[in-house]
Amino acid sequence: MMTIGVDLAAEPKKTALARIDWSPGSAVVREVLLGTSDTAIVMSIKKADKVGIDCPFGWPESFVAFIAAHQAGNVVVSPGVTGLEWRRALAYRATDRRVQAETGLRPLSVAADRIAHTAMRCAGLLATLAGDGMPVDRAGGGVVVEVYPAASLARWGLPHRGYKTRDNISVLGTLVDALLDAAGWLDLGTHEDLCRRSDDAFDAVIAAMTARAATLGHTAAPGPDDATAAEREGWIALPTSPLSSLVPDGHPRPAEHLPPGR
């Protein structure tokens with residue numbers, strides 16, 4: 001299996017892409033690129049089994065409805081309700097609320113933060129893929145899945161705060177050490193130094209690892225109440241199994257543990 005991770009930014013300059021090849025007992029990082037263009041991302045996605053993209057795949061349904069009503073000039077708001085909780089209900093998606101409940105982390109709001117610029121680029125990429133015949137499902141059922149590296153790290157029991165920006169490069173190095181200690185089967189190869197210097201490169205690797213978890217069914221799917229919203233807003237693939245579950249050990253299970261009839 002080959003997975004791709006994309007740490008998407010509004011412009012290619014801050015966009016990183018990582019490719020991981022998976023086999024029994026090991027995972028090898030074959031490529032990490034910085035300054036990645038739309039063309040390079042689309043070409044890589046077409047070669048991959050699964051791709052994790054660190055960017056919202058859509059906007060909150062409530063926000064879209066609010067903007068449409070405002071544009072039409074018929075927003076109806078009850079007196080006294082335009083406070084913080086009302087704004088948050090517009091600003092955050094169902095998946096954002098799920099991630100916060102599960103991890104304590106609050107994703108950036110695609111409706112109210114600068115991540116919206118990146119989401120515009122992402123929407124264009126998804127449209128290009130769909131136009132080229134690739135299966136695109138904002139809930140994660142197609143070739144691409146939305147990921148949130150910090151949440152993946154949290155679910156895998158790894159440090160997940162304070163490693164962004166060049167000012168925290170020492171924290172990033174410690175995090176790389178923690179990842180390699182926890183995942184002895186992961187080979188960063190010649191890309192280890194870059195992952196220690198660039199949080200974009202590191203996040204791209206984590207995005208590719210999360211894509212592997214999604215392929216194995218080791219991420220939380222939207223429940224019945226969130227399914228429709230996930231199809232429109234996007235759904236963050238939140239790992240549900242330990243890091244060790246990403247790589248089979250290469251040995252068959254004992255016969256007594258095989259499913260009946262095998």
Side-chain angles (χ1 to χ4, degrees), residues 1 3 5-6 8 45 48-69 76-78 81 84-113 115-116 118-119 122-123 125-127 129-130 134-157 160 206-243 245-246 259-260:
M1 179 186 293
T3 65
V6 180
L8 197 66
I45 289 175
D49 293 292
K50 194 76 172 182
V51 180
I53 301 179
D54 179 14
C55 180
F57 279 11
W59 280 259
E61 288 188 295
S62 57
F63 175 75
V64 172
F66 172 74
I67 293 300
V76 178
V77 179
S78 300
V81 301
L84 177 61
E85 292 306 314
W86 177 77
R87 295 195 304 272
R88 282 181 174 172
L90 294 177
Y92 293 98
R93 303 171 297 161
T95 189
D96 299 329
R97 293 189 289 271
R98 173 72 173 271
V99 167
Q100 184 179 13
E102 294 285 339
T103 68
L105 296 169
R106 176 176 288 163
L108 292 175
S109 166
V110 66
D113 286 312
I115 191 68
T118 307
C122 185
L125 288 170
L126 297 183
L129 292 170
M134 299 293 290
V136 174
D137 173 10
R138 294 183 203 171
V143 68
V144 294
V145 64
E146 183 181 338
V147 302
Y148 180 18
S152 292
L153 292 169
R155 293 304 292 264
W156 288 330
H160 54 279
I206 299 302
M209 295 174 70
T210 309
R212 165 75 170 183
T215 302
L216 297 176
H218 295 171
T219 55
D225 293 340
D226 295 324
T228 300
E231 292 174 357
R232 299 175 182 176
E233 299 179 343
W235 188 260
I236 295 169
L238 196 60
T240 56
S241 298
L243 194 58
S245 69
L246 299 186

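Here the structure is a predicted model, which means the values were calculated and not measured. Numbers for residues simply follow the sequence, beginning at 1. Computed from heavy atoms alone, side chains included, the values below leave out hydrogens, waters and symmetry copies.
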Closest approach of [X] to [Y] (non-hydrogen atoms, all atoms of both residues):
X	Y	value
His218	Ser241	CG-OG, 3.6 Å
Ala220	Arg98	CB-NH2, 3.7 Å
Ala91	Ala112	CB-CB, 4.4 Å
Ala213	Trp156	CB-CZ2, 4.5 Å
Ser152	Thr210	OG-OG1, 2.8 Å
Ala214	Val145	CB-CG1, 4.2 Å

Hey, could you give me the [atom1]/[atom2] distance between [X] and [Y], rounded to the nearest 0.5 Å?
X	Y	atom1	atom2	value
Leu125	Ile53	CG	CD1	6.5 Å
Asp226	Thr95	CG	OG1	8.0 Å
Ser245	Leu216	OG	CG	7.0 Å
Thr118	Asp113	OG1	CG	11.0 Å
Glu231	Glu61	CD	CD	9.5 Å
Arg138	Trp235	CZ	CH2	15.5 Å

Considering only heavy atoms from C-beta outward, does the side chain of [X] approach that of [Y] to under 4.5 Å?
X	Y	result
Val136	Phe57	no
Thr103	Tyr148	no
Asp49	Thr215	no
Asp54	Leu8	no
Glu233	Val110	no
Glu102	Arg155	yes
Ile236	Asp96	yes
Glu85	Arg88	yes

**Pro60, Ser109, Pro107, Ser62 screened by side-chain contact (heavy atoms from CB on, under 4.5 Å) with Tyr92, the one that passes** = Ser109
**Message:** Under the criterion side-chain contact (heavy atoms from CB on, under 4.5 Å), I'd like the reasoning laid out for Ile67 against Trp59: C-alpha separation, chi angles, the key distance, then a yes or no.
**Reply:** CA-CA 11 Å; Ile67 293 300; Trp59 280 259; over 6 Å; no
**Prompt:** Between Trp86 and Phe66, is the gap from one ring center to the other below 6.0 Å?
**Reply:** yes
**Asked** Do side-chain atoms of Lys50 reach the backbone of Ala208 as a donor and acceptor pair under 3.5 angstrom?
**Response** no
